[in-house]
Q: 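Sharing a structure, written as structure tokens. Questions coming.
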Amino acid sequence: MNDRRGNWDKEDDLPVYLARPGTTAQTPRQKSWGMFASVEGAYENKTIDFDAYSVGKKGSRTPRSDSREVLDGDSFSETASDVSEVSGSVISSPGDREDKTPGVEIRYPTGKEFLQGQENGKSDRLLIKGGRIINDDQSFYADIYLEDGLIKQIGENLIVPGGVKTIEANGRMVLPGGIDVNTYLQKPYHGTTTVDDFYQGTMAALAGGTTMIIDHVVPEPGGSLLAAFEKWHEAADKKSCCDYSLHVDITQWHEGVKEELEILVQDKGITSFQVYMAYTEGFQMTDSQLYEAFTFLKGLGAVVQVHAENGDLIAQEQHKILSMGITGPEGHVLSRPEELESEAVFRAITIGNRINCPVYITKVMSKSAADIIAQARKKGAVAFGEPVTASLGTDGTHYWSKNWSKAAAFVTSPPLSPDPTTPDHLNSLLACGDLQVTGSAHCAYSTAQKAIGKDNFTLIPEGTNGIEERMSIVWDKAVAVGKMDENQFVAVTSTNAAKIFNLYPRKGRIAVGSDADIVIWDPDRIKTISAKTQNSALEYNIFEGMECRGAPLVVISQGKIVFEDGKLHVHQGMGRFIPRKPFPEYVYQRIKTRNKRMEMLGVSRGMYDGPVYDVPATPKYVTPSPSAKSSPTKNQSPPIRNLHQSNFSLSALSYSTSYIFPGEASRQLEGYNNTSKHYKHTAIIGAQIDDNIPRRSGHRIVNPPGGRSNITSLG
Amino acid sequence: MSYQGKKNIPRITSDRLIIKGGKIVNDDQSFYADIYIEDGIIKQIGENLIVPGGVKTIDAYGHLVIPGGIDVNTCLHMSYLGMTPADGFYHGTKAALAGGTTMIIDHVLPEPGTSLLVAYDQWRELADSKSCCDYSLHVDITRWHESLTEELEALIKDKGVNSFLVFMAYKDKYQCTDSQMYEIFGIIRDLGAIAQVHAENGDIIEEEQKRLLESGITGPEGHVLSRPEEVETEAVYRAITIAKQANCPLYVTKVMSKGAADIIAQAKRKGMVVYGEPISASLGTDGSHYWSKNWAKAAAFVTSPPLSQDTTTPDYLNSLLSCGDLQVTGSAHCTFSTAQKAVGKDNFTLIPEGTNGIEERMSIIWDRSVTTGKMDENEFVAVTSTNAAKIFNLYPRKGRIAVGSDADLVIWNPKETKIISAKTHNLAIEYNIFEGMECLGAPVVVMSQGKIILEDGKLHVTEGSGRFIPRKTFPDFVYKRIKARNRMADIRGVPRGLYDGPVHDVTTATKAVASTPSCRGSSCPGKAQMAPLRNLHQSGFTLSGNQMDDHIPRRTTQRIVAPPGGRSNITSLS
């Protein structure tokens, strides 16, 4: 106890009585403050510890029933009074506990105070003591009590049942477990699948501090999405060691897909779908199809993910490069230059904007693509960008490696940028919020599998590793160098993903009621990434030899310690499928508001009554009427109430025939609430009325209902 | 001073002329000198010229003498639904001359699927008999197929056409896919021509049109609502990307919005050879009129890409023009009478597209850019004439006042004010989108081929006096850089040893591979012209040929071979 407090003193240069929330008004390390910040303790239960006011009093943190309220109606045992006797094992950093790098220790109850009869040792109850909780909005010191896979209490001097296993975090950071939003643990390629399946992959994920993955279901083009979903679901249920959810890739767009999508969203808990702008040989969609798909998915409240590369041009370039005799992996990057990625990103966002549909760009690999996303966001687009471990940690210079298998290991799409400044740039954008989430795009093919394309780079199966390295690389490249703070780190590795994919606050936050997916993070530990030590089944690692500061010490998934002391305690099928609901607030709130405001307005005019040129009876090119269009998507455009409005306005306008200033008769109609556009209504009055041919005979000035039309002069 | 010169001008035009006392403005410098013209060519420039006796003298004291304007974008015979524009070559070129433009480059628009050469001949014939000023032709590629390659070659080599327009809009009519554009750009680059692009995303437009019509919007405002600025910007970005891949110079016609102009400017900054052409309409007015209560007025503004609703657009485009981010100006003159526009009175997608601007172009730019101080008179000459001549390889015959150049000259009075109106313009249409606009700066005298066309406010044009000006390929202004890059852009592979590690067995995969294209074929009805998938062939070759036989015997022998060029290793990556 005293040891731990001593450590706090060292870290924060604060006396003990200032270092704890709930003890004084001063809250240490609170990132957000001010009256608009989220209120501290909105989620956490706090206790007041009067004893804490007496500095250094022994046993100040000993549970005492008269000093706090009973929380959550939990029954607790008075007899759990002394758990301070260390009976567990010291996990890391043995030696002097006054050391600057204190370890984390896990203490098991001695067993003598069991009044509630929970199973010895491996109970579902867990207390994390003395950690510094890092959420995306603030950091604070508090203890966490976990039970039944949920966070039950957060605060000081928690009242917990006796015999609870305790982890002494010793001031270490306690983060929400990472969420890896992009994995391919069962992607088929020419009859083979990735060597890291859900078991190997999630094991590696947990070892790296990631406690949830969202995997991509890749149906065969033309195949049933539902069938593919079931296949993935089944495989993952059997094998996954951590919680998971699924994206479904729409590999081909046709009418039948719509029904399946509805079922997936409404019954299966799948609310994110990826569409492809590349792979002419199978997955690619035309702009029209994208438009339709976006419209449909927006109606369902799903998150539209886009693999953004211009497939047409890639096919051309591949052909060109192969015909030049370049067959090695460098052809992959030569045929997929950065511009093709940024072009497609630009196009995807444009289409998204037209429909007012949020767009999520998977695998942001280049500076220019990231910049396009950042620019679009600055213009108000609801767009999200997901750089992946590979693009944040390394670059594409290795494609030119003399070692074929090394070069091939880096083959992924979009490819890593040969520009070595790319990782830095992407980390900066991640730090400033222009990019929001990180995935790994972990899709591991062994060298033998990669060698399918040894004579033709277009056949090399695409994908790199990164599921295990993701958190450490982001920490090393962004936090350790000072680009990003720890809170933003939590945001980009976990919280934002949870928000976008509607898992929040169940995942992505340490709060009472959230899932007990927790990582105790050691920012100082230096780990060297190597294929020899990794948990992936791959025989290589694209980050081979990279030294990363920052690594998880303890990983807790569903309230169980799954990783400690460098050892994994997992078994297949532990992971649960987490269904998700459509219309995530974080994504759709703005969209809904805009929907209301973005109705298009027609202008109500009188009938045009001038001469009409006689078009030859059978014109060769008639713009196809809407009914004749190939894709009868039902657009969910809102009913147009504005016609009504402008009619109203018109009648309210008094048209006077007596005066006009040229160009001055314009006015903005009231109730014209589209703020983004400036609609000018020019009422042209006067001379031109006489020019109306049918009316000329009578010389009467008529105000047709709804305005007047004029054909000859333009005033 | 500004008025006194006119009485000296002889009524009868002759082949010999001397212009005295004017300030000659080229794109690089201005200087005071006299110009002597003979046989339609500038023969001498300088002080105190020695000229034959009896030569007519034009007094240009106090005025500027500038090279005649070149209007790079007109559509004087672009038929739509069987209708031809109200202003044909005669009226169009007449108006051009009245506005100080002495040369036009018109767009040949063949019907999709028909021969480019036939359309070219048709345009030539018409223009030869009707045009009043020199002209040249762009050819639009309305539907691409392989066999057009020969026609392109013929047009370039024999017919003096060196610029071709491809469409990214007008789905199922003119629109090209990205693959087709890449192909066309490659051919055009090899032939040394200019790739022009009509940049709008036709797919999105079509969907938007559908949506708008369904929601009951049928008026001209639907035109601009269905073609928002972003759709133009996106297409410009894509066109530039494709052109960069093909290493082909790109020319974006009709830059109508800030976004599109910005993309072009950015691309130039990144080293792209790209040119942007704002037009009279986008430089002089904005798209707020689409919401006019007057259908005819609103319809008059219908053009593609549409005028931007952002009222600051004209100012912005003028600024970019001044700083060189945009280089040339056209008019995109394509005028349909109100009765013709009324074909689309119940459906905005049927309104024939096009605005006027051939006559107003020079005055609008002078008024908007030069009188406001954005641009100097030399830059004015550059953007209205010289740059166009350079890009389309007419320089220095056109676009410059120099000895040996064509005597296409304009004496410009920067102080004259003109009010644009349908009543006074030289066009056949009954409206003018710039109606009522006051422009400072107007031509006083216009000379084409050494003959005085406009003087004293009177036009003296002769139908059919315009000549076709053939253009050569590989304009230096455009292609010098492209050529250098072509030499630099050699891609080299990495010499490696043979990969001798294990290869995953993909026998079962043959089925999957084969199934892919077949289900693809039935799938996507929207896109008829899919690029052939050559890779599948190659993949078949690889699969059946090399690898399975290769690695199996090797694995058994367990030999480690050090191939020339380095060794490959499957287990470690260092």
Side-chain angles (χ1 to χ4, degrees), chain A residues 190-192 222 252 281-282 286-288 291 312-313 316 319 326 328 330 339 343 346-347 350 400 402 404-406 447-449 451-452 454-456 458-459 540 544 600 602-603 605 608 611-613 615-616 619 623 626 630 635 637 640 662 677 679-680 682-684 707 709-712 714, chain B residues 81-82 178-179 182 203-204 207 210-211 213 215 217 219 221 225 230 234 237-238 241 245 288 291-297 309 338-340 342-343 345 349 430-431 435-436 491 493-494 496 499 502-504 506 508-509 516 519 523 525-527 533-535 539 542 546 566 568 570-571 573:
Chain A
H190 284 206
T192 157
Q252 194 174 38
E281 68 277 10
T286 65
D287 290 358
S288 298
Y291 189 100
D312 279 10
L313 291 186
Q316 296 275 359
H319 175 64
I326 296 175
E330 69 276 12
E339 288 87 358
E343 186 280 314
F346 196 96
R347 186 147 43 100
T350 304
W400 280 269
K402 288 274 186 197
W404 188 91
S405 49
K406 180 175 181 180
T447 302
Q449 287 171 321
I452 292 168
K454 72 189 171 63
D455 301 316
N456 180 345
T458 63
L459 295 176
Y540 61 85
E544 186 72 40
M600 286 181 176
V603 176
R605 299 187 178 88
Y608 173 84
V612 178
Y613 189 88
V615 176
T623 315
S630 54
N635 287 303
S637 53
I640 304 185
K677 288 161 185 168
Y679 296 156
K680 203 195 254 175
T682 315
I684 296 153
S709 67
N710 189 305
I711 57 152
T712 43
L714 288 174
Chain B
L81 296 178
D178 293 356
S179 303
Y182 183 89
D203 282 8
I204 300 181
E207 299 286 339
K210 240 191 296 183
R211 186 159 70 114
L213 287 173
S215 64
I217 296 177
E221 69 277 11
L225 288 173
E230 297 165 89
E234 186 280 316
Y237 195 91
R238 183 150 44 101
T241 307
Q245 284 319 113
S288 51
W291 275 267
S292 169
K293 286 280 176 194
N294 181 331
W295 190 91
K297 180 174 182 181
Q309 299 161 74
T338 302
Q340 287 173 321
V343 166
K345 71 189 169 65
T349 62
E430 67 273 42
Y431 61 85
E435 186 73 39
I491 303 174
V494 176
R496 291 188 183 90
Y499 173 83
V503 179
H504 189 88
V506 287
T508 50
T516 329
C519 55
S523 67
K527 207 168 192 175
L533 303 171
R534 297 191 189 85
N535 292 335
S539 81
T542 315
N546 279 342
S568 64
I570 57 151
T571 44
L573 288 176

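In what follows, chains are A, B, ... by sequence order, proteins preceding strands, each numbered from 1. Bear in mind the structure is a predicted one, so any value in this text is a computation, not a measurement.
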Q: Could you grab the distance from atom CD of B:Gln245 to atom CG of A:Asp312, nearest 0.5 Å is fine?
A: 12.5 Å
Q: Does any non-hydrogen side-chain atom of A:Arg605 lie less than 4.5 Å from one of B:Lys345?
A: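 Heavy-atom side-chain distance check fails, nothing below 4.5 Å.
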Q: Using modelled atom types and a 3.5 Å cut-off, is there a donor and acceptor pairing between side-chain atoms of B:Glu234 and backbone atoms of A:Thr350?
A: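 Not at all, since once roles are kept as given, no pair shorter than 3.5 Å links the two residues.
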Q: Please find the pair of heavy atoms, one from B:Ala342 and one from A:Pro611, that lie closest to each other, and give the distance.
A: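 Looking at all heavy atoms of both residues, the closest pair is CB-O, 3.6 Å.
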Q: Do you know which two heavy atoms are closest between A:Tyr613 and B:Gly82, and how far apart they sit?
A: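 Minimum heavy-atom contact is OH-O, 4.3 Å.
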Q: Minimum heavy-atom separation for B:Asp203 to A:Asp287, with atom names?
A: OD2-CB, 3.1 Å
Q: Sequence neighbours excluded, which residues qualify as ring pair (Phe, Tyr, Trp, His ring centres under 6.0 Å) partners of B:Tyr182?
A: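 Applying ring pair (Phe, Tyr, Trp, His ring centres under 6.0 Å) to B:Tyr182 gives none.
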Q: If you apply the rule side-chain contact (heavy atoms from CB on, under 4.5 Å), what do you find for B:Thr241 with A:Arg347, and how did you get there?
A: CA-CA 12 Å; B:Thr241 307; A:Arg347 186 147 43 100; over 6 Å; no
Q: What pair of heavy atoms forms the shortest contact from A:Ala451 to B:Pro502, and how long is it?
A: CB-O, 3.6 Å
Q: Answer yes or no: is there a side-chain heavy-atom contact under 4.5 Å between B:Arg496 and A:Lys454?
A: no
Q: So do the side chains of A:Tyr291 and B:Lys210 get within less than 4.5 Å of each other, counting heavy atoms only?
A: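 A:Tyr291 does not reach B:Lys210 side chain to side chain.
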Q: Name the orientation class of the two ring planes belonging to A:Trp404 and B:Tyr499 (parallel below 30°, tilted from 30 to 60°, perpendicular beyond 60°).
A: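 Correct class here is tilted.
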